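The next block holds one structure in the form of structure tokens; read it before the comments.
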Amino acid sequence: QVDLVESGGGLVQAGGSLRLSCVASGDIYSNYFGGWFRQAPGKEREFLAAISWSGGGTVYTDSVKGRFTISRDNGKSTIYLEMNDLKPEDTAVYLCAFGIGVRTAGRYGYWGQGTQVTVSS
């Protein structure tokens, strides 16, 4: 069992930055990935980025490459999503997840409750 708690969302103007955090507690296995997804109203859940819990390798979806950076702090059992140059279309609920899914939401076994990010124009 892994419990996840996200924080760091909020309201920001276009061009601004936010850093999201996701603190994990429980049994995190070395083959897990920590992932970030987002879901806007009326849209499907969208993969953003994932990081290997053991090796630190990262994967991004093309739409956020160069703007978003995923990182981890194993000692704090935390993954982060640094988001720069935010755009109004980035407005969504952002969720973290742990599991073996990499890009595939359905293969993540554990999810946080989500944090709202709103980008004003």
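No experiment lies behind these values; they were computed from the predicted model shown.
Residue Y108 holds its OH atom at 11.0 Å from CG of L4, rounded to the nearest 0.5 Å. Between atom OG1 of residue T104 and atom CZ of residue F47 there is a gap of 8.5 Å, rounded to the nearest 0.5 Å. Remark: F33 CZ to R107 CZ distance equals 10.0 Å, nearest 0.5 Å. We find the OG1-CZ distance between T61 and F37 to be 10.0 Å, quoted to the nearest 0.5 Å. Rounding to the nearest 0.5 Å places OG1 of T91 at 7.0 Å from CD of Q116. Here the SG-CD1 distance, from C96 to I79, works out to 5.0 Å after rounding to the nearest 0.5 Å.
Across P88 and S121, no two heavy atoms sit closer than the pair CG-CB, 3.9 Å. Shown here for I51 and G56, the closest heavy-atom pair between the two residues is CG1-O, 3.7 Å. For F68 against L48, the heavy-atom pair with the smallest separation is CE2-CD1, 4.4 Å. Across all their heavy atoms, C22 and F98 have their closest contact at SG-CE1, 4.4 Å. In terms of heavy-atom proximity, Y60 sits nearest to T69 at OH-CA, 3.3 Å.
Put simply, W111 and I100 are part of two different groups of oily side chains (I, L, V, M, F, W, Y) that touch within less than 4.5 Å, one to the next. The hydrophobic cluster containing V5 does not contain V2, counting ILVMFWY residues as joined when their side-chain heavy atoms lie under 4.5 angstrom apart, directly or transitively. Clustering ILVMFWY residues whenever any of their side-chain heavy atoms sit less than 4.5 angstrom apart, transitively, puts L20 in a cluster other than the one holding L95. Hydrophobic clustering keeps I70 apart from V93 (ILVMFWY residues linked when any side-chain heavy atoms are closer than 4.5 Å, directly or through intermediates).
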>> Before you tell me yes or no, could you show the steps for D90 and R67 under side-chain contact (heavy atoms from CB on, under 4.5 Å), namely the whole-Å CA-CA distance, both residues' side-chain angles and the distance that decides it to 0.1 Å?
In response: CA-CA 11 Å; D90 293 317; R67 295 195 301 129; 2.8 Å; yes
>> Between V12 and M83, does the side-chain contact (heavy atoms from CB on, under 4.5 Å) criterion hold? Intermediate values first, please.
In response: CA-CA 11 Å; V12 63; M83 305 186 293; over 6 Å; no
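The pair K65-D62 meets the salt-bridge criterion, with a side-chain N (NZ, NE, NH1 or NH2) lying under 4.0 Å from an Asp/Glu carboxylate O.
Dense packing is recorded around CD of Q113, with more than 12 heavy atoms of other residues, nucleotides or ligands lying under 6.0 Å away. Environment of NZ in K87: crowded, with over 12 heavy atoms of neighbouring residues, nucleotides or ligands closer than 6.0 Å.
No donor-acceptor distance shorter than 3.5 angstrom exists from the side chain of T78 to the backbone of V23, with no hydrogens or angles considered. Panel note: side chain R72, backbone S54; a donor-acceptor pair is recorded below 3.5 Å. Listed for the N74 side chain is a donor-acceptor partner under 3.5 Å among the backbone atoms of W53. For E6 (side chain) and G114 (main-chain N/O), a donor-acceptor pair under 3.5 Å exists by modelled atom type. Judged by distance alone, the side chain of S52 and the main-chain N or O of G55 form a donor-acceptor pair under 3.5 Å.
Relative orientation of the Y32 and Y110 rings is tilted, given thresholds of 30° and 60° on the angle between their planes.
Taking the ring axis of Y80 as reference, the NZ or CZ atom of R19 stays within 45° of it and closer than 6.0 Å to the ring centre.
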